[in-house]
Every structure is written in C-alpha cells, then in structure tokens.
Number of protein chains: 4
Amino acid sequence: MATVVKGWTRRKEARPAEILEAALALFAEKGFTATKMEDIAKRAGVTTGTPYRYFANKEEIFKAVVRESLIPQISFGEEMLSQFHGSGQALLEEVLRSWWQGVGETNLSGLPKLIIAEAGNFPDLAKFYYEEVIERGVRLIGRVITYGVERGDFRPVDVDYTVRVVMAPVIMGMIWKHSLGVCEREPIDTERYLKTVIELLLSGLTQPQQPANPASLEIPHA
Amino acid sequence: MATVVKGWTRRKEARPAEILEAALALFAEKGFTATKMEDIAKRAGVTTGTPYRYFANKEEIFKAVVRESLIPQISFGEEMLSQFHGSGQALLEEVLRSWWQGVGETNLSGLPKLIIAEAGNFPDLAKFYYEEVIERGVRLIGRVITYGVERGDFRPVDVDYTVRVVMAPVIMGMIWKHSLGVCEREPIDTERYLKTVIELLLSGLTQPQQPANPASLEIPHA
Amino acid sequence: MATVVKGWTRRKEARPAEILEAALALFAEKGFTATKMEDIAKRAGVTTGTPYRYFANKEEIFKAVVRESLIPQISFGEEMLSQFHGSGQALLEEVLRSWWQGVGETNLSGLPKLIIAEAGNFPDLAKFYYEEVIERGVRLIGRVITYGVERGDFRPVDVDYTVRVVMAPVIMGMIWKHSLGVCEREPIDTERYLKTVIELLLSGLTQPQQPANPASLEIPHA
Amino acid sequence: MATVVKGWTRRKEARPAEILEAALALFAEKGFTATKMEDIAKRAGVTTGTPYRYFANKEEIFKAVVRESLIPQISFGEEMLSQFHGSGQALLEEVLRSWWQGVGETNLSGLPKLIIAEAGNFPDLAKFYYEEVIERGVRLIGRVITYGVERGDFRPVDVDYTVRVVMAPVIMGMIWKHSLGVCEREPIDTERYLKTVIELLLSGLTQPQQPANPASLEIPHA
DNA sequence: AATGAATGAGCTTTCATTCAT
DNA sequence: AATGAATGAAAGCTCATTCAT
C-alpha cells in the first residue's frame with residue numbers, strides 16, 4: 001500500500017506499480033466489472049484521471065496486473081522444474097506447494113476466480129489469460145507429470161487430462177477463498193487442505209505395480 | 001423456445017418455467033450481473049415487465065432456478081446413496097457420473113461459475129446457495145466417502161477435506177466449460193476427462209492391498 | 001368493506017360502490033399517484049380489469065368518489081344553513097362541527113390532502129375539485145359569516161378572505177391527520193383541537209360590546 | 001439560471017447551490033415524486049449524472065434544500081423573539097409577517113405542500129422534516145403566544161393547540177398558492193389575506209378589556 | 001503530469017391500461 | 001360481465017471515460 005511520501009516527492013516511477021497493486025487487491029475482492037476505476041485510483045492514492053495516463057483502460061490494467069504479478073510465478077515454476085533432480089512425487093509436491101505459497105496465499109489467488117467469472121463478457125481478457133497463463137501453466141504441470149512417469153514414479157497416465165485433474169483442487173482452493181469460502185463457519189485450514197490434496201494425488205498417481213517402496217509414499221518434508 | 005402463439009393466452013401455466021429456462025441459459029452464459037432482465041424476457045418470448053409477474057426480482061429468479069433445477073439433482077444423489085449396496089468405488093463413480101450427466105452436461109453446469117463469480121457482490125445469493133446446495137452436496141459426498149471407508153474399500157482419510165478434493169475436479173470441469181474452455185482449440189472430451197478424474201480419485205482413495213506404511217495413513221489432527 | 005356473499009350471488013349493482021369505497025380508503029392513505037389500480041381492485045374484491053368496466057380510468061374513479069361522498073356533505077351543510085334560525089356563533093359552530101363529523105372523522109378527510117398534493121400534476125382533477133367542492137364550500141361558509149354579520153353577531157369583516165381564514169384550521173386539521181400527524185408522539189385530541197379552533201374563531205369574529213375602534217373594522221380596499 | 005460558460009469549470013463551487021435552487025423550484029411546482037432527477041439536472045444546466053456527485057440521491061437533495069433554505073428562516077424567527085420587547089400582538093404580527101416574507105413569498109412556500117403530500121410514501125423525509133422544521137416551528141410560535149399571555153396581552157389559552165390554530169391559516173396560505181390557488185379566477189391578494197389572518201387571530205387572542213360578557217366566552221355545548 | 005468535474009448510455013423495476021378468453 | 005396475463009414507456013441511479021485546467 002503505497003508508502004506515503006511528502007506530496008510531490010513521491011517518485012513518479014512508482015505510480016504504475018501502485019496502481020497495479022491497488023487494482024489487484026480490488027480485482028481479487030470484487031471481480032473485474034464490479035471494481036470501479038475510481039476505487040482503484042483512490043486506493044492508489046491518486047485521482048480519477050491518473051490511471052489513464054499509464055493504462056489505456058480497465059482491461060489494460062488487468063493485463064498489466066497479470067503480466068507483472070502472475071506470469072513471473074509461472075516462470076518461477078519453470079525454473080524450478082529445469083533444475084530439479086529428485087522423485088516425481090517430490091517435484092509435484094514442490095511445484096504445488098510453491099504455487100500455493102506464491103499465488104494461493106496472496107491477492108493473486110483472486111485472479112482465477114475473476115477470469116472464470118468474466119471470461120464470457122470480456123473475450124479479449126479471456127484470450128489473453130488463456131494464452132499467457134493457462135497454456136503455460138498446463139504445459140508446466142504436464143512436464144512435471146511426464147517427468148514422474150518417465151522416472152517410473154507415476155503410473156502411465158493420460159497426461160493432458162491428468163494435468164487438469166491435478167490442477168483442479170489447487171485452483172478450486174484459491175477460488176473458494178475468494179467466494180463462498182466466506183460463508184463457512186470455520187475458515188479453511190489451508191495447510192490441512194493442501195496436505196489432503198497432495199496425499200490423494202500422489203497416492204492416485206503412484207505406480208502400484210511392485211511391492212510399494214515405502215519411501216515413495218512418505219510425504220516429502222515430513 | 002416457446003412455439004409462437006397469437007396473443008398471450010395458452011402459455012399461461014408454462015410462463016414461469018419458460019422464464020426460468022431462459023434465465024438459466026443466460027445466467028450460465030453471462031453470469032448474474034451481466035444478464036439483463038430484458039434479455040431474459042426476450043429469450044422467454046415475453047416483454048420487459050412479464051417476468052416481474054412471477055418473480056419479485058432477479059435474485060428471486062436465480063433462487064427459483066436453483067430450487068427447481070439444481071436441488072432436485074442433489075435429492076437424486078441422496079436417493080441413490082440410500083439404496084446402494086455395492087462397493088465404495090462403484091458408489092463414488094456412480095454418484096460422480098450421474099452428477100455429471102444431470103448437471104455437468106446441462107446448463108446447470110453454469111451455476112457454480114456464476115455463484116463463485118458473484119458471491120462477493122450478492123451476499124444473499126451466496127448464503128442461499130451455500131446453505132441449499134453446497135452444504136447438502138458436501139454432506140452427500142461425505143457420506144459416500146464414509147461409506148467406502150467403513151466397508152474397507154477406501155483408506156481411512158480426512159473425510160471433511162477429502163470431500164473438497166474429490167469435488168474439485170468435477171466442479172472445475174463444469175466451470176471450465178462455461179469460461180475459458182471456449183478458448184481451447186479442441187473442446188474438452190468430457191468422457192475422457194471424467195474417466196481420468198475417476199481413475200485418479202479411486203486409485204488415490206483405494207485401500208492398498210499390501211501392508212501400508214502406517215505413517216502416511218494418519219489423519220491430520222487426529 | 002364489501003359484505004361477502006356467495007360468489008355469483010353478490011348483486012352486481014353493488015360493484016361500483018365497493019370499488020369507490022376501496023378507492024377512497026387507498027386515496028386517503030397513499031394519495032392519487034401512489035394508489036395502484038390493482039390495489040383498488042383487490043381491496044374491492046375484484047380483479048384488475050373490473051374497475052375499467054365501470055370507470056374509464058383512475059381520474060374518473062376519483063371524480064366519482066368526490067361526487068358520491070364529498071359533495072353530499074356540502075349539500076348537507078347548505079340544507080342546514082337554509083333551515084337555521086339561531087345566532088351566527090351557533091351556526092358557525094354547528095357547520096364546522098358537522099363538517100368535522102361528516103368529513104374530518106371519515107376517510108373523506110384524506111381528499112383535501114390528496115388534491116392539494118396532486119393538483120399540479122393533474123390539472124383536470126384540480127379543476128373539477130375546485131369547481132365542485134371548493135367553490136361551493138367557500139360560498140357556504142361565506143353565507144354563514146354574512147348571516148352572522150347581518151344579525152350583528154359578528155363584526156363586519158372582509159367576508160371573502162375571512163372565509164379562508166375560518167376554513168384553514170379545519171382543513172389543516174384533516175390534512176394533518178393524514179400526513180405528518182403520524183410523526184407525533186401523542187395523537188391529536190380532535191375534540192380539544194376543534195374546541196380551540198371554535199373558541200378562537202368565535203372570539204375573533206364576535207362583535208365587541210364596547211364602542212369599537214372604527215379603524216380595525218374597515219374592510220381593506222373598500 | 002447559470003450564465004452559460006464554455007466547458008465545466010468556473011461554476012465548480014456554485015454547482016451544489018445551483019442544483020438545490022433548481023430542485024426547490026421543481027419540488028415546489030410538482031412535488032417530490034413527480035420531480036424527475038433529470039429535470040433537476042437540466043434546470044441546473046448539467047446532465048443526469050452530475051447531481052449525484054454532490055448528493056447521494058433525491059431524498060438527500062430534499063434534505064439539503066430544507067437545511068440550506070428553510071431552517072435558517074426558523075433561526076431568524078428565534079433570533080427575533082429573543083430580542084423582542086414590545087406587545088404580544090406586535091410580536092405575533094411581526095413573526096407571521098416575516099415568515100410570510102421569507103418563506104411564503106418564495107419557492108420555499110412549496111415545501112409544506114410537498115411534505116404533506118408525500119409524508120406517507122417517504123417516512124424518512126417526513127421524520128426529518130417533522131423533527132427539523134415542525135417541532136422547532138411549533139416551539140417558536142408556542143413561545144410567542146406564551147410571551148403574550150404572560151404579559152397579559154393575550155387571554156390565557158391552551159397554548160399547545162392554539163399554536164396549531166394560529167399556524168394553520170399561514171400554512172394554508174402557502175399551500176394554496178402551490179395547488180388549487182392556480183384555479184382561481186383572480187389570484188389571492190396576499191397582503192389582504194395576511195391582514196385578515198392577523199386581525200382575526202389578534203382579535204381572537206386579545207384579552208377583553210371590559211368585564212367580559214360571560215355568555216360570549218362560553219364554549220357552546222359545554 | 002495530474003486533477004476531478006462532467007458526461008450520458010445503460011440497467012432494474014413499476015404500473016396504468018388493454019384485450020383475448 | 002369478469003378475468004388477469006401481458007404490455008412497454010418511464011424513472012432513479014451507476015460508472016468508464018474524457019478533457020479543460
């Protein structure tokens with residue numbers, strides 16, 4: 001939230017970032033349509049017209065938020081994959097957990113909900129998000145699963161579709177936080193949720209053929 | 001859509017149902033906010049004021065759609081559960097498949113997306129949906145899993161949280177169809193998706209035949 | 001409120017009167033614009049279209065209410081005047097009290113408020129009411145005052161304008177009942193109000209016994 | 001009406017006042033409901049959305065009109081009372097005349113009609129007006145009468161109710177101007193009306209100098 | 001570069017009146 | 001004579017975007 005500096009002293013180059021930060025917070029809370037430009041401006045500590053100096057319109061602000069905040073998280077996952085040498089199980093868990101930490105526990109977790117909600121009414125946004133985020137994400141998880149299958153850690157599976165099944169609980173966890181989750185009597189215990197997800201997925205993916213290697217059932221980090 | 005008839009008569013008793021059908025189609029396509037009352041009216045073959053003869057406002061139309069269409073599907077699942085005598089695996093597959101058939105392949109599959117998207121801006125709707133749909137659905141799947149665990153078909157699991165993990169891929173499948181799914185080059189093969197989901201879940205839930213590593217079976221917090 | 005008779009048995013000739021009664025009650029409560037035709041119908045125990053069998057539109061219903069209910073009250077006052085033989089004071093009191101009883105304490109007391117409120121937006125209604133009610137009422141009170149002056153009971157006064165001053169507290173009393181009166185902590189004691197009105201008016205009109213100050217008796221513009 | 005200026009600037013600080021002035025004129029003419037926001041805007045020389053920058057909604061515009069225009073008139077009367085040293089008669093006449101001048105002869109005279117008309121349908125407005133205007137007005141006139149009674153200028157009277165009787169002709173005079181008054185062949189001569197009011201009221205309130213004729217003071221029927 | 005007043009199309013909801021039955 | 005479903009124009013309020021300063 002924009003460190004307050006004495007009036008004109010505030011460095012101009014911080015403006016766009018402050019606007020994007022404010023926009024992300026509001027997008028996550030209310031969605032795209034329900035977020036008013038004026039609220040973004042106010043929250044960024046500027047006036048109505050200022051965001052238009054830096055971004056052509058609300059859609060461009062959304063794209064910029066995605067580019068600046070979400071896409072680096074995917075790059076981070078790709079980085080991790082390229083340097084990984086352990087078991088498929090460990091890799092999958094590592095990727096899911098770091099995604100959860102970098103996205104699920106930040107305001108970014110509001111973006112999947114937003115895009116799901118508004119894709120139909122903003123086809124440009126949908127296309128952009130699909131190409132820049134979804135496709136890269138799917139490719140990343142696909143490579144993770146293939147890695148495990150090729151190492152013999154995972155059963156041979158229908159990779160393309162398994163990717164979606166693997167991602168679903170993580171995405172849903174994020175969506176939940178930002179929508180009906182607020183109706184629940186006791187908030188979700190995210191660590192417990194994540195643990196359940198990983199346990200079920202790994203257990204479902206793991207090669208059951210040979211007498212199980214007890215180590216491979218253990219939860220890494222445990 | 002409504003055979004055109006001269007004058008207003010004849011369709012009298014059919015009107016509310018026609019309006020709900022039109023509303024569901026539009027809700028699924030555009031969401032709650034973006035669905036204009038006038039569009040509902042037009043699609044139902046009536047004029048602006050007519051829906052208000054039957055429903056107090058847009059929120060009530062939504063509730064009626066849920067009550068008339070979605071809730072019976074849950075009742076159907078409860079019915080199925082109470083009469084089932086086979087294995088846990090068979091029960092879970094049966095429930096998921098029939099849910100998919102009765103909801104996922106109809107316009108009803110648009111409702112989860114809608115409610116996720118608009119919960120924050122329509123707390124009344126959220127509360128209604130949470131109490132009437134989510135809680136009953138969660139309870140149903142919880143009983144299905146417990147059934148399997150008690151029969152020894154499934155590993156002992158953290159039922160409350162496993163429910164969410166089991167439902168996630170099904171819900172996501174429905175959400176996908178109505179949002180970013182339209183961006184995909186080739187449409188999802190739903191049978192293939194469902195097969196992958198069930199295979200992974202059953203494989204993840206099923207009691208391993210050989211002596212398992214006890215540590216990995218523990219229920220968190222237990 | 002429409003004696004309930006077995007369905008079709010209800011004598012048709014009672015319909016218009018029932019509709020007017022319902023209309024008066026609602027007009028008094030909500031005013032002209034805010035009274036919905038459908039509410040009139042419902043309250044009269046018929047359906048939406050029925051009032052239109054008897055009256056061309058809402059304005060005509062209003063006129064009929066005035067003709068059937070309010071105008072007879074004026075005739076009654078005229079009757080009283082033509083047969084009266086006592087003092088001017090007694091006559092004025094009699095007229096005011098019987099007006100209060102026949103109008104002020106019934107739903108008719110809502111009509112002055114209504115017409116005052118809506119005259120600007122329904123010029124036809126205003127003209128009708130002015131000609132049929134106001135002019136006759138003013139003429140009546142004018143003759144009452146003249147009666148008192150000619151008998152020497154009242155000071156010689158500017159009759160035309162005194163009429164308005166005399167009527168004002170009675171009209172305001174009725175208006176009050178139907179509008180801001182509801183905000184008062186304790187409801188108006190109408191008998192006490194009426195007593196205060198009459199006391200002040202009679203005391204203000206009565207011929208002082210001692211040689212009067214001629215200046216104060218002059219009629220302006222005379 | 002707002003000298004037309006190029007662009008939107010310049011009138012910045014004047015806007016709210018211009019809007020209130022336009023609103024008052026329309027409220028006086030048509031009442032609250034029948035005054036369209038767009039008409040207020042047009043008359044103030046702006047477009048539909050502009051009034052909403054300054055006032056949350058139509059009700060708030062009404063309240064602002066009352067606060068800015070009517071309430072100062074009451075304060076003025078209170079001021080006058082606190083500095084007055086003459087006879088009760090002179091005080092009452094002074095107060096009524098200055099009220100007439102400051103309210104009766106301006107657009108403010110439309111407010112009593114408005115509030116009487118719409119109290120039932122806008123309870124919030126009614127409560128506000130009752131508390132901010134009526135109660136203070138009643139208290140003011142009550143003190144004026146008490147002043148006269150205590151000085152021996154007025155007969156001892158039922159102050160609470162006499163207040164209403166005294167105010168009635170003044171309020172009615174204002175109401176009349178804005179409703180059925182327009183139907184009259186020759187417009188009311190306000191000076192003549194006011195003179196008649198004051199003469200009748202003072203004559204009705206003044207302590208008879210001579211031994212009173214008990215009969216004439218008795219309340220008939222008592 | 002930044003401001004913030006102003007725009008105006010767009011949406012939900014209401015209700016007098018009509019007219020097929 | 002009576003019904004009551006349907007009409008459709010109208011009104012309050014919102015908000016992305018513009019542009020004079």
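Below, read A as the first sequence line, B as the second, and so on, with proteins coming before strands; counting in each chain starts at 1. The structure displayed is predicted, hence computed values, not measured ones.
- The A:Asn57 side chain lies nearest to F:dT17 when the options are F:dT17, E:dT17, F:dC13.
- Whole-Å rounding puts the C:Glu18 CD to F:dA1 C1' distance at 14 Å.
- Phosphate proximity of E:dA2 to A:Tyr54: present, with a side-chain N or O under 4.0 Å from OP1 or OP2.
- Listed by chain and residue number, B:Glu131 satisfy the side-chain hydrogen bond (donor to acceptor under 3.5 Å, both in side chains) test with B:Lys127 (two or more places apart in sequence, or in another chain).
- As rounded to whole Å, 11 Å separates atom P of E:dA16 from atom CG of C:Leu26.
- Qualifying side-chain hydrogen bond (donor to acceptor under 3.5 Å, both in side chains) partners for A:Ser69, counting only residues two or more places apart in sequence or in other chains: none.
- Where A:Glu59 and C:Arg53 meet DNA chain F, the nucleotide closest to each residue was compared, and C:Arg53 sits on the side nearer the 5' end.
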Exercise for the section: State the dot-bracket string of DNA chain F. Criteria: Watson-Crick or G-U wobble, both atom distances under 3.5 angstrom; notation: ( ) intrastrand, [ ] crossing earlier pairs, | interstrand, . unpaired. Expected result: .||||||||||||||||||||
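- Counting to the nearest Å, the P atom of E:dA16 and the CD atom of C:Glu118 are 12 Å from each other.
- Taking the side chain as every heavy atom from C-beta outward, A:Val46 and A:Arg15 approach each other to under 4.5 Å.
- Of the residues in residues 30-40 of chain B, B:Thr35, B:Lys36, B:Met37 come within less than 4.0 Å of DNA chain E through at least one heavy atom, sorted by number.
- Here the C1' atom of nucleotide F:dA5 and the CD1 atom of B:Ile19 are 11 Å apart, to the nearest Å.
- Applying the ring-ring contact (aromatic ring centres under 6.0 Å, His included) test to D:Phe122 and every residue at least two apart in sequence or in another chain returns D:Phe32.
- Separating the CZ atom of D:Phe55 from the P atom of F:dG12 is a distance of 16 Å, rounded to the nearest angstrom.
- A side-chain donor-acceptor contact under 3.5 Å links B:Lys113 to the backbone of B:Ala28.
- OP1 or OP2 of E:dT7 lies within a sub-4.0 Å distance of a side-chain N or O belonging to D:Thr47.
- F:dG4 atom C1' lies 11 Å from atom NZ of C:Lys42, rounded to whole Å.
- Relative to the side chain of C:Val46, the nucleotides E:dT17, F:dT3, E:dA5 differ in distance, and F:dT3 lies closest.
- To the nearest angstrom, P of F:dG12 lies 10 Å from CD1 of D:Ile61.
- With sequence neighbours left out, A:Ala23 forms a side chain to side chain contact (heavy atoms under 4.5 Å, CB included) with A:Phe27, A:Ile40, A:Ile61, A:Val65.
- Between D:Arg15 and E:dA5, a side-chain N or O to OP1/OP2 separation shorter than 4.0 Å is absent.
- The closest side-chain heavy-atom distance from B:Leu70 to B:Tyr129 is below 4.5 Å.
- Taking only side-chain nitrogens and oxygens, A:Tyr52 comes nearer than 4.0 Å to OP1 or OP2 of F:dT17.
- The side chain of B:Thr48 sits closest to E:dT13 out of F:dC13, E:dT13, E:dA5.
- Of the possible polar contacts, one joining the B:Lys58 side chain to the B:Thr35 backbone as a donor-acceptor pair under 3.5 Å is found.
- Annotation: A:Lys63, atom NZ; neighbour count of heavy atoms from other residues, nucleotides and ligands within 6.0 Å is above 12.
- Looking at heavy atoms from C-beta onward, D:Phe62 lies out of side-chain contact with D:Glu118 at the 4.5 angstrom threshold.
- Each of B:Thr50 and D:Thr50 was matched to the nucleotide of DNA chain E holding its nearest heavy atom; the match closer to the 5' end belongs to D:Thr50.
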